[in-house]
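Okay, structure first, notes after.
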Amino acid sequence: MFHLLEKRIAETFASCIGSLYGLTVEVQTEQPKHSSFGEVAVPAAFQLARQLKKAPKAIAAELLSAVGPIEGVAAAEVAGNGYLNLRLDRGYYGAGLLAGESAESRMSAEKIIVEHTNINPNKAAHIGHLRNAILGDTFVRMMRAAGGTVEVQNYIDNTGVQVADVVVAFRHLEKRTPAEVCALVAGPARFDYVCWDLYTKISSYYEEHPDATAWRQETLHAIEAGEGVEAELAHLISDAIVVAHLNTMWRLNIVYDVLPRESEILHLKFWAAAFELLKERNAIYLETEGKNKGCWVMPGSAFRESSGDDESKVIVRSNGTVTYVGKDIAYQLWKFGLLGKDFYYRKWHTYPNGHEVWASTGQPRNSSPSFGHGSRVYNVIDSRQSYLQDVVVAGLRALGYEEQAANSIHFNYEMVALSPGTCVELGLELSEEDKSRPYVEVSGRKGLGVKADDLIDKLIEKALEEVTSRHPEEPEDARRRVATQIAVGALRYFMLKYTRNSVIAFDFAEALSFEGETGPYVQYAAVRARNILRKLEERGERLPDFRAELAREAMARQLAEEDCWQLLLAASKAGSAVERAVRSGEPSHVARYAFQLAQSFSNFYHEYPVLSEANREKKTFLLWMTDYFRAQLEHTLAVLGIEVPEYM
RNA sequence: GGGCGCGUAGCUCAGGUGGAUAGAGCAUCAGCCUUCUAAGCUGAGGGCCGCUGGUUCGAGUCCAGCCGCGCCUACCA
C-alpha cells in the first residue's frame with residue numbers, strides 16, 4: 001500500500017514536471033526526517049534547481065501549485081529549502097490496507113539460481129558456513145516473497161583436496177577399511193565431528209611430514225578415476241557428511257532443491273566440454289615458459305584491469321588435472337544452460353515437510369526434474385574468493401557470453417571470525433600475535449572454530465532454561481519445541497543483522513542474547529499479538545467483521561490520533577522494506593525492518609489496552625491493528641526464516 | 001607492491017541515488033509488573049562520523065592524498 005502511493009506520487013510529479021518544464025526526470029520519494037513533516041517527501045526541486053537555474057524553494061512552490069490532487073494524498077506543502085512534504089489521507093490509507101491493496105510485485109518471471117552453502121563434505125559445518133547458508137536462504141526467501149522464481153543449488157565438492165585429506169587420514173593414520181568407516185558412519189559417535197578432528201590431525205601431520213602429501217596426490221588421482229579403496233572411501237565419507245550438513249541446515253529451516261556434485265562434473269565430462277570451448281575461443285592458452293610452464297592458463301588481463309604477466313591464473317595444472325576454478329567455469333556454464341550437457345538426477349532426500357532435494361548422478365534415469373537453465377545466477381561465496389569469482393566470470397566473457405557474465409553475481413559477504421574472548425572460552429590456545437588482534441580467523445585445518453550444531457545446541461539449552469522458568473507447567477516436548485524455535489530465531493537474526501560487508505567477530509555473549517535487537521525480541525512481539533487475539537476468544541468474544549465495521553470514516557477518526565497513525569504506517573511498510581532489500585541485495589535491511597516493526601508493536605502493546613477498551617469502534621479498530629501487526633510480523637519473520645513460537 | 005573492504009557513542013553496528021536536529025542495540029544511571037506475558041516499556045548521559053584538502057547552495061555520504069586495520073594476490077578451495 002505504501003509502495004503503491006509512493007509510486008503514484010512519483011509518477012504524478014514526473015508528469016507535472018514534464019508539462020511544466022518539458023523535462024523528463026525520474027522523481028524520487030523519500031521519508032521525511034521527522035514524522036511531523038508528513039509521510040512522503042519529494043526532493044525533486046533540488047534535482048531541478050541546477051538545470052533550471054532557480055532556487056529549489058521557488059521550483060517547489062511552482063510544482064505545488066501546478067500539481068493537481070493526488071488520490072490518497074490529503075495535503076502538500078513546501079518545507080525547508082525546497083522539500084515538498086506530503087501528508088497521506090489517513091482514512092483512505094487505512095481502508096486501503098483493510099481491503100488488502102498493494103502494489104503488484106515487479107519481479108520478472110525469469111528463473112533465478114542461487115547457489116549457497118557449498119561446504120566441503122569432509123567435516124562438520126561451522127559458524128562461517130552458517131552465515132553463508134542463512135544469508136543465501138534468506139535472500140531466496142526475499143526474492144520469492146517479491147514474486148521471483150528461484151532454484152536453490154548446493155554444490156558438493158566431493159572429489160576435492162579436503163575430502164581426499166580425510167580419506168588419507170582414515171587410510172594411513174587410522175588404518176581403517178571402508179567397511180570399518182561404514183560402521184563408524186552408522187555408529188553412535190557423530191561422524192562429522194570425528195572427521196573434524198581427523199582433518200585437523202592430517203593437516204598437522206602434513207606439516208610435520210611434507211612427504212606425506214604424496215598420499216594426497218595418489219588419493220586425488222584415484223578419486224578422479226573413480227577407482228580403488230580411495231574412491232570408495234571418498235564417496236562414503238562425502239555422502240555421510242552431506243547428510244550431516246543437510247540435517248544441520250534443516251534445523252535452521254534451510255532446504256535445497258538440487259545438489260550438483262563435482263563427481264558428475266568429472267564423469268559426465270562437463271570439464272572436457274568446457275575445456276574444448278575455452279581452447280577453441282582462445283580464452284586460455286598453454287604456457288610455454290616461466291613458473292607456469294606446461295599449464296593452461298587464463299591471462300590476467302581477462303579478469304584484472306591492470307595486470308602484469310605473472311598474474312595469469314592456472315586452469316589446468318602441468319600434470320593435466322583441472323583446478324577448482326576450471327570446474328567452476330564448467331558449472332557456471334551449465335547453470336545458464338550454455339554447456340550443451342546436463343546431469344541426471346536421483347532423489348537424495350525428502351524433508352519432513354515433504355520438500356524433495358535431488359542430487360546429480362552419472363546414470364541416466366527414467367524421469368527426473370529439470371534443473372539449471374537460469375537467466376540470473378547468484379553465487380553466495382565469501383569475499384575472500386572474489387578473485388576466483390572474477391576468473392569464472394572472465395571465462396564466460398572470454399567465451400562471448402557477455403549477457404550471462406553480467407548476470408553472474410558474486411553475492412559476497414565478509415567472513416565470520418572469532419573474538420579473542422570466545423577463543424579463550426573455547427579453550428583454544430592463541431599466539432601472542434592473535435591475542436592483540438580484533439578477531440581471529442576460523443581455520444578448519446587447525447580445528448579453530450565453533451561447530452554449527454554445538455552452537456545450536458547451546459542456544460537451545462539456554463532458551464530452554466528461559467522457557468522453563470516462565471512456563472514450568474508446560475510439557476517438556478512443547479518447551480523444547482519452543483526453545484528450538486527461539487534458538488533458531490536468535491541465530492538466524494544474529495547472522496542477518498550485520499550488513500554483508502561487515503566482518504562478524506563471533507562472540508558467544510552476543511550470539512546467545514535474547515534481548516534488544518535480536519530474533520527473540522521480534523518473535524516475542526508476534527507472540528504477544530497472537531495472545532491478545534487468543535485471549536479475546538477465551539473471553540467468549542469473536543473477532544469483529546472489520547470490513548463491515550471499519551468504514552473509511554471510522555478509520556479516519558481513529559487514525560487522527562498521531563500515535564496510532566505512526567504505528568500503522570510503520571507496520572504497513574513490510575512490502576516496501578522487502579522490495580528495497582531485494583533491490584539492494586541486502587538481507588540485513590529486512591532484519592532491521594523486522595526489529596523496527598516489533599518495536600512499533602511493543603509501543604502499541606503498552607500504549608493501548610486492546611481488550612479492555614470500552615468504546616466499541618475504538619476496540620474494533622485496535623483489534624484490527626493487532627491483527628494487522630500480527631500478519632505483518634509473521635510475514636516478515638517468515639521472510640527471515642524465523643518461526644513464531646506458541647508461547648514465550 | 002597490486003586488488004578488494006573497513007574506520008561513526010565505552011562496546012557491537014545502522015546510516016537508498018549527497019539534503020532538514022547523525023541513529024539503534026548492549027553497557028551505565030533513574031523510573032515502570034493487582035492490568036492483553038517485564039525476553040517488555042519510559043527517560044537520562046554519552047559523538048573533531050580516522051586525518052587533510054577538494055567538488056557545491058549543502059558532505060558521515062562524492063573525489064584525491066595520507067594514517068590505521070583486515071582479507072586476497074597458490075600448479076588449495
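Sequence lines set the chain letters: A, B, ... in the order given, protein chains first and strands last, and positions in each chain run from 1.
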Inset, instruction - On the 0 to 90° scale, with breaks at 30° and 60°, tag the A:Phe601-A:Phe604 ring pair as parallel, tilted or perpendicular. - result: tilted
Legend entry - Parallel, tilted or perpendicular: rings of A:His129 and A:His245 (30°, 60°): tilted
Counting only Watson-Crick or G-U wobble pairs whose two distances fall under 3.5 Å, which nucleotide matches [N]?
N: B:C49; answer: none
N: B:A22; answer: none
N: B:G1; answer: B:U73
N: B:A30; answer: B:U42

Please measure how far the [atom1] atom in [N] lies from the corresponding atom in [M], and state the result in whole Å.
N: B:A39; M: B:C4; atom1: P; result: 48 Å
N: B:G43; M: B:C62; atom1: C1'; result: 39 Å
N: B:G10; M: B:G45; atom1: P; result: 15 Å
N: B:A64; M: B:G2; atom1: P; result: 15 Å
N: B:G18; M: B:G70; atom1: C1'; result: 28 Å
N: B:G50; M: B:A22; atom1: P; result: 16 Å

Legend entry - A:Phe303/A:Tyr387 aromatic ring centres below 6.0 Å: yes
Inset, instruction - Using heavy atoms to find the nearest nucleotide of RNA chain B for A:Asn501 and A:His471 separately, return the residue whose nucleotide is more 5′. - result: A:Asn501
Inset, instruction - Return the 5'-most residue of the pair A:Thr29, A:Ser383 with respect to RNA chain B, ranking by each residue's nearest nucleotide. - result: A:Thr29
Would you check if there is a donor-acceptor pair between the side chains of [Y] and [X] at a distance under 3.5 Å?
X: A:Arg528; Y: A:Asn531; answer: no
X: A:Tyr521; Y: A:Gln599; answer: no
X: A:Ser502; Y: A:Thr499; answer: no
X: A:Gln153; Y: A:Tyr331; answer: yes

Between the base of [N] and the side chain of [X], is there a donor-acceptor distance below 3.5 Å?
X: A:Arg592; N: B:A24; answer: no
X: A:Ser386; N: B:C72; answer: no
X: A:Asp165; N: B:A77; answer: no

Legend entry - Check: A:Thr117 side chain, A:Ile119 main-chain N or O, donor-acceptor pair, under 3.5 Å: no
Base, sugar-phosphate alone, or nothing: which one does [X] contact when heavy atoms must sit under 4.0 Å apart?
X: A:Val314; answer: sugar-phosphate
X: A:Tyr439; answer: sugar-phosphate
X: A:Val522; answer: nothing
X: A:Pro609; answer: base
X: A:Asn412; answer: nothing
X: A:Arg437; answer: sugar-phosphate
X: A:Arg445; answer: base

Inset, instruction - Kindly state which residues belonging to residues 621-629 of chain A come within less than 4.0 angstrom of RNA chain B, counting heavy atoms of the residue only, listed by number. - result: none
Inset, instruction - Do nucleotides 40-45 of chain B as a string where each nucleotide becomes B, S or -: B if the base has a protein heavy atom under 4.0 Å, S if just the sugar-phosphate does, - if no protein is that close. - result: BSS---
Inset, instruction - Select one nucleotide: of B:C69, B:A20, B:A39, the one nearest the side-chain heavy atoms of A:Pro438. - result: B:C69
Inset, instruction - Could you check A:Arg445 against A:Glu207 for salt bridge (charged side-chain N to carboxylate O under 4.0 Å, His left out), going step by step and ending with a plain yes or no? - result: CA-CA 11 Å; A:Arg445 288 182 197 284; A:Glu207 278 190 23; over 6 Å; no
Inset, instruction - With A:Arg480 as reference, evaluate A:Glu465, A:Glu474, A:Glu461 under the salt bridge (Lys or Arg N to Asp or Glu O under 4.0 Å) test and give the passing residue. - result: A:Glu461
